[in-house]
Trainee: 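Have a look at the structure that comes next, please.
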Amino acid sequence: MAILGDPVGQMIARELISPPPYAEEVLRGLTSRPKTLPFKLFYDHVGSALFEEITALPEYYLSRSELEILREFAGEIAETVGPGNNVVELGSGTAAKTCTLLQALARRQIRVPYFPVDISPAALAEARQRVEQQCPLTSVRPVVADFGNGFGFLRDVPGRRLVLYLGSSIGNFDPEAAIAMLRSVHEELAPGDALLLGTDLIKDASILLPAYDDAQGVTAEFNKNILRRLNRELRANFDLSLFRHLARWNPHSSRMEIYLQCKRPQSVHIRMLQLSVELAAGERIHTENSYKYTLPMVETILCRAGFALQQTWYDSRKWFALHLARA
Ligand code: TRP
């Protein structure tokens with residue numbers, strides 16, 4: 001305790017006990033009804049690695065469908081976008097799919113500055129290595145950012161910009177929040193700048209459900225990792241064995257809903273929040289939504305955010321779509 005006597009010691013002590021920036025959101029989520037947790041918490045280094053595993057699962061068609069579109073149409077997309085772009089990828093992760101497009105762009109412009117933006121520094125380090133190896137004509141400038149703090153970093157990207165928002169990340173927002181998010185991006189762009197947006201499409205529940213609840217249980221692990229993270233970073237004591245992963249298709253809201261469902265009554269203490277949370281048997285913590293779109297829905301959100309849809313590309317099954325829009 002002697003450490004508390006001196007100012008430097010106090011500073012260190014405060015460092016050690018000061019809660020992470022997301023603590024407030026966790027507090028709000030776990031004290032509301034129904035209980036929720038913010039989906040961005042999935043993506044610590046373990047979660048980012050698990051998500052990478054998800055993208056390779058036989059049931060998770062999203063990444064493969066999107067990759068099919070990129071492989072098939074990268075040239076056409078690059079042609080439609082035009083030359084001279086600075087490419088910014090929002091939520092790049094490890095940029096596993098992006099190289100196909102970067103290579104196509106590199107055939108039409110001398111140098112392709114590429115700014116991968118992600119919340120996970122570990123994923124960004126991997127993105128950089130991958131892209132530098134696979135697309136030597138690209139210069140990689142990683143940006144660590146939490147989109148909760150806005151898109152001001154776009155102002156630091158010079159010239160004409162092509163913003164990539166791939167995967168189904170836009171689907172994690174409800175439509176109003178998706179519009180608000182795209183509008184904030186739009187505010188940082190200049191007329192003529194481009195957005196390439198990925199959306200998953202509405203399809204039969206028999207295809208959707210396994211994509212979010214795979215046979216090997218990787219998705220369940222990914223979902224539960226959020227609790228493991230809270231145990232570690234907020235000194236909580238969630239008993240992971242008392243939770244089951246739950247995925248539901250909600251056709252009225254056009255979304256997959258992901259929950260952690262408590263099997264037995266459980267009392268959880270979160271030390272850094274000085275919070276005790278009671279969970280009843282069967283009670284759910286809502287961890288994510290994944291909205292599935294139709295083309296008119298996409299047109300609506302783009303238009304309301306200030307973008308004009310220029311062209312859409314599909315995979316052969318029409319399960320996924322990439323949209324090019326102009327600011
Ligand atoms: N954004 C991804 C998606 O909607 C994330 C994701 C995949 C996910 N599987 C999940 C999130 C399971 C929570 C639980 O497809």
Side-chain angles (χ1 to χ4, degrees), residues 29 34-69 89-98 117-120 123 146-148 164-175 177-178 181-182 197-205 207-230 240 243-250 253-261 284-293 297-298 301 315 319-322:
K35 294 183 173 68
T36 63
L37 281 170
F39 66 81
K40 69 173 177 193
L41 292 188
F42 283 128
Y43 302 96
D44 65 352
H45 69 285
V46 178
S48 294
L50 282 168
F51 183 65
E52 208 70 7
E53 256 184 77
I54 288 176
T55 62
L57 291 170
E59 296 95 333
Y60 197 76
Y61 62 87
L62 288 84
S63 310
R64 265 185 308 278
S65 304
E66 187 177 45
L67 192 58
E68 183 193 322
I69 303 174
E89 181 170 14
L90 306 178
S92 64
T94 63
K97 292 167 294 196
T98 323
V117 189
D118 205 274
I119 198 169
S120 161
D146 176 348
F147 303 145
L164 310 178
Y165 199 33
L166 304 178
S168 170
S169 305
I170 192 72
N172 297 143
F173 298 99
D174 36 296
M181 185 265 176
L182 292 175
L197 177 70
T199 60
D200 196 15
L201 303 174
I202 294 182
K203 60 185 67 61
D204 202 84
I207 300 158
L208 287 169
L209 287 166
Y212 290 87
D213 192 4
D214 65 281
Q216 294 170 56
V218 183
T219 310
E221 269 310 296
F222 175 71
N223 199 10
K224 286 183 190 173
N225 179 56
I226 231 175
L227 301 179
R228 204 173 285 129
R229 182 170 181 185
L230 297 186
L240 269 60
F243 285 92
R244 79 180 185 105
H245 165 71
L246 196 64
R248 290 271 181 272
W249 167 239
N250 179 339
S253 306
S254 191
R255 68 189 195 195
M256 284 298 301
E257 297 172 350
I258 313 294
Y259 301 93
L260 286 161
Q261 186 173 45
R284 300 167 179 185
I285 303 176
H286 191 175
T287 53
E288 194 179 64
N289 290 320
S290 189
Y291 282 82
K292 307 304 169 191
Y293 279 89
M297 282 162 72
V298 175
I301 62 161
D315 61 299
W319 280 4
F320 198 89
L322 283 181

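Order of appearance sets the numbers: ligands from 1, and atoms from 1 within every ligand.
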Trainee: Checking side-chain contact (heavy atoms from CB on, under 4.5 Å) for the pair T287/F42: CA distance, chi angles, key distance, verdict?
Mentor: CA-CA 9 Å; T287 53; F42 283 128; 3.8 Å; yes
Trainee: Just to confirm my output: which protein heavy-atom neighbour is closest to atom 4 (O) of ligand 1, and how far is it?
Mentor: S290 OG, 2.6 Å
Trainee: Which atom names give the shortest non-hydrogen contact between I207 and K203, and what distance separates them?
Mentor: CG2-CD, 3.7 Å
Trainee: Would you indicate which of Y259, F222, Y212, Y60 comes nearest to atom 2 (C) of ligand 1 when only heavy atoms are counted?
Mentor: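 Considering heavy atoms of Y259, F222, Y212, Y60, the nearest to atom 2 (C) of ligand 1 sits in Y60.
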Trainee: Please write down residue, atom name and distance for the protein heavy atom closest to atom 1 (N) of ligand 1.
Mentor: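 Result: N172 OD1, 3.1 Å.
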Trainee: Under 6.0 Å between ring centres, would you say that holds for Y291 and F173?
Mentor: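 No, ring centres 6.0 Å or more apart.
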Trainee: Would you mind checking which non-hydrogen protein atom is closest to atom 14 (C) of ligand 1, with the distance to 0.1 Å?
Mentor: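 Here the nearest protein heavy atom works out to I258 CG2, 3.6 Å.
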Trainee: Run the numbers for me: atoms of ligand 1, each under 4.0 Å from some heavy atom of F51, listed by number.
Mentor: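 Counting from 1, the qualifying ligand atoms are 5 (C), 6 (C), 7 (C).
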Trainee: Identify the residue among L90, V298, L182, D200 that makes a side-chain contact (heavy atoms from CB on, under 4.5 Å) with I170.
Mentor: L182
Trainee: Using a strict cut-off of less than 4.0 Å between a Lys/Arg side-chain nitrogen and an Asp/Glu carboxylate oxygen, indicate whether E221 and R228 qualify as a salt bridge.
Mentor: yes
Trainee: State whether the shortest distance between N or O atoms of Y43 and N or O atoms of ligand 1 falls below 3.5 angstrom.
Mentor: no
Trainee: Once you restrict to heavy atoms under 4.0 Å, what part of D200 touches ligand 1? Side chain, backbone, both or neither.
Mentor: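 Neither; no heavy atom under 4.0 Å.
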Trainee: Note the single closest protein heavy atom to atom 12 (C) of ligand 1, along with its residue, its atom name and the distance in Å.
Mentor: T219 CG2, 3.2 Å
Trainee: Identify the residue among E68, E89, E66 that makes a salt bridge (Lys or Arg N to Asp or Glu O under 4.0 Å) with K97.
Mentor: E66
Trainee: Counting non-hydrogen protein atoms only, what is the nearest one to atom 8 (C) of ligand 1? Give residue, atom name and distance.
Mentor: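 Result: E288 OE1, 3.1 Å.
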Trainee: Which ligand 1 atoms does L62 reach within 4.0 Å, using its non-hydrogen atoms?
Mentor: 15 (O)
Trainee: Is it true that F222 and Y43 have ring centroids separated by less than 6.0 Å?
Mentor: yes
